[in-house]
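Single-structure report; data block below.
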Amino acid sequence: MSGQPSVLLVGIGVLSVLSQWLAWQVRLPAILFLLAAGLLIGPTAGWLVPDEFFGPLLFPLISLAVAVILFEGGLTLRLEEIRGLEAPVRRLLTVGVLITWCISAVAAWLFVSLSWDLAVLFGAITVVTGPTVILPMLRTIRPSARVASVLRWEGIVIDPIGALLAVLVFDFVASSGGAQALPETLLSFALIVVIGLLFGVVAGYLWGLILRNYWLADYLHNIATLVAVFVVATLANQARAESGLLAVTVMGIWLGNMRGIPLEGILNFKESLSLLLISGLFIILAARIEPERLLELGWGALLLLLSLQLIARPLTVTLATLGSPLTWRERVLLSWIAPRGIVAAAVSAVFAMHLAEAGHPQASLLVPLTFFVILATVVLQSATARALACVLGVVEPPPRGVLIVGANPIGRALGEALQALDFPVLLVDTNWDNLQVARMQGLPVYYGNPTSEHAERHLSLAGLGQMLAVSPRSDLNRLASLHFAKEFGRNAVFQLPPGEGVLCSAEVRHHHSQDNLLFDPEATYAKLASRLGRGGKIRATQLSKQFGWEEYRRAHAELILLLAVDPGGRLHVNQAAKALALQAGWTALSLVAADERVTKAKA
């Protein structure tokens, strides 16, 4: 049927979105649902046979997609994040890789009866963890900042290292091995590393100059960067096969750590594109699995998994973290988390195809064994890591703090009121005079634009869970709301209603009406600042059955309810479109006029 290809492509897209949505609902890595979707439309229903559907384009598409994923991961790495943890990360990426490689190879040889050369190749493939499974897992587990930083760096950087190691072993296996092949293989590996590093550094530096100097129009930054990634990966591979993955990873890391590069739009674009590519790739690769091959693995596959989980990973972490500032509890959690991801799946598929063409007798076992390890590690660790982190006490507490954009009198009054109730606050402003006053009042501050690249690198959001934008600039409030919605969620970012004359079109007015506007439709910056300027105060009052919200309102004629704390200690924001319904036991934070009597709640 002529429409079948388009139907299949659309179906892959729909399944990708549905799998991601299900993962978001149940707070599990999406790989579980993506693999299930691939198995459903592939070997189970027979609707998708990737090798026939994509033909010779299948593996070039996989290679380019993995290149984009690794580039986007490199962009997110900041050298500042691992200060003090450089040694354990470096050891995980060197000594740790060798330990995992050796143990997994021996286990595959012993328990699954792979030939020695194929077992060594399998061990090289499975040294990787990968950001596609690590990052969703970290969002669910919420471990301590140090554990999260180590796992993020390991997951992103180890992907090209594992791919290169697999290439080294594959070249050795493809050349039929032997002592005479070893020098040639090592030389090939060295050339791959040198060419990958050279292309990555040069491309990262030159592309950074192009972006920094705005030699491209803003609207071209995203698509041009995507094409640049494809070009660098292709040219590096042309110079030396398999060096492209290293080149684009280095390019991403270099760009991500250059100063003055406008990366926010590129990061958003690449993140969305990577999400789509990852989802589609997992479905397509899972559709290539032959279920009968999984059954051939037998109980040996389970023993292999236990070797990776209980021997290789703990030994790796123990040696890598010697002398580091990580506590023993953090090391135990690190020893448990090492799920495999998309690069292992993609690399095993490519090498299995080449080995099958060369007539290797066990080539058909490589893909199902790799997918078994991926699925088993993700399921096991997703189901247990959060509970283990809680038992060990290395989870981040639920974020209670508030980021306040604007250290003006309104922001400072809110900050003092929240601090008095033991809520952490951080005030952000570009006005140094405002920040000086805030610091004298004992309020933590950050000097700079909250949406700038400098803030992206240096503004710590640890412990913060909500944002209140109370700047006199409506445009900055709006921009901050859009910027931090990604970090805190749309339901946790709020801004003051725009003042009179700020909105000039019905379209903009409608756009603002969809925002989480603070306090009251009339609670503009001018009105609140005027109240405070006339001596108004933000007061905290605990309500009771005898003195509830209605009694409190009658006692204060010009009261504006701002925030409230429920009996469980959770902070709630009064919204213009959805006023809070306060009950006995709640604490109300309200702006009251200076000449009104201070009312104390009756117990």
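All values below were derived from every heavy atom in this structure, side-chain atoms included, with hydrogens, water molecules and symmetry-related copies excluded.
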Where [X] and [Y] come nearest, the two heavy atoms and their spacing:
X	Y	answer
Ile283	Ser16	CD1-OG, 3.6 Å
Ser19	Leu34	CB-CD2, 3.5 Å
Ile125	Val128	O-CG2, 3.4 Å
Ile99	Ala312	CG2-O, 4.2 Å
Ile374	Arg340	CG2-O, 3.5 Å
Ala389	Val395	CB-CG1, 3.3 Å

Are side-chain heavy atoms of [X] and [Y] found at a separation under 4.5 Å?
X	Y	value
His221	Leu211	yes
Phe199	Val248	no
Val394	Pro143	no
Val229	Leu64	no

State the [atom1]-[atom2] distance between [X] and [Y], to the nearest 0.5 angstrom.
X	Y	atom1	atom2	value
Thr377	Trp336	OG1	CH2	11.0 Å
Ile337	Leu380	CD1	CG	11.0 Å
Leu308	Arg313	CG	CZ	11.0 Å
Thr225	Trp207	OG1	CH2	5.5 Å
Glu154	Thr316	CD	OG1	8.5 Å
Leu333	Thr327	CG	OG1	9.5 Å

Of all pairs that satisfy ring-ring contact (aromatic ring centres under 6.0 Å, His included), the ones with a partner from residues 86-119, not counting sequence neighbours: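 Listed once each, the pairs are Trp109-Trp116.
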Pairing residues for Val379 by the side chain to side chain contact (heavy atoms under 4.5 Å, CB included) criterion, not counting sequence neighbours: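 Listed in chain order: Leu32, Leu375.
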Test side-chain contact (heavy atoms from CB on, under 4.5 Å) applied to Val10 and Val14, step by step: CA-CA 6 Å; Val10 171; Val14 171; 4.2 Å; yes
CA sep, side-chain torsions, deciding dist, call: Val378, Leu35, side-chain contact (heavy atoms from CB on, under 4.5 Å): CA-CA 11 Å; Val378 171; Leu35 289 176; over 6 Å; no
Side-chain H-bond candidate by donor/acceptor type, Gln20 with Ser279, under 3.5 Å: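 The criterion, which ignores hydrogens and geometry beyond distance, is satisfied for Ser279 and Gln20.
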Evaluation steps, side-chain contact (heavy atoms from CB on, under 4.5 Å), between Arg146 and Leu326: CA-CA 7 Å; Arg146 293 191 296 192; Leu326 294 165; 3.8 Å; yes
Ser104: which of Val373, Leu305, Thr126, Ile311 passes side-chain contact (heavy atoms from CB on, under 4.5 Å):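 Only match with Ser104 under side-chain contact (heavy atoms from CB on, under 4.5 Å): Thr126.
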Candidate list Phe372, Phe122, Trp299, test side-chain contact (heavy atoms from CB on, under 4.5 Å), partner Leu304, passing option: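 Only one of Phe372, Phe122, Trp299 forms a side-chain contact (heavy atoms from CB on, under 4.5 Å) with Leu304, namely Phe122.
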Any donor-acceptor N/O pair, Arg331 side chain to Thr321 backbone, under 3.5 Å: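 Yes: the side chain of Arg331 pairs with the backbone of Thr321.
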Can you give each donor-acceptor pair under 3.5 Å made by side-chain atoms of residues 38-55, sequence neighbours left out, with the distance rounded to 0.1 Å?
unit_1	atom_1	unit_2	atom_2	d
Thr44	OG1	Leu39	O	2.8
Asp51	OD1	Arg288	NE	2.9
Asp51	OD2	Arg288	NH2	3.1

side-chain contact (heavy atoms from CB on, under 4.5 Å) between Leu114 and Val120, worked out: CA-CA 9 Å; Leu114 290 184; Val120 173; over 6 Å; no
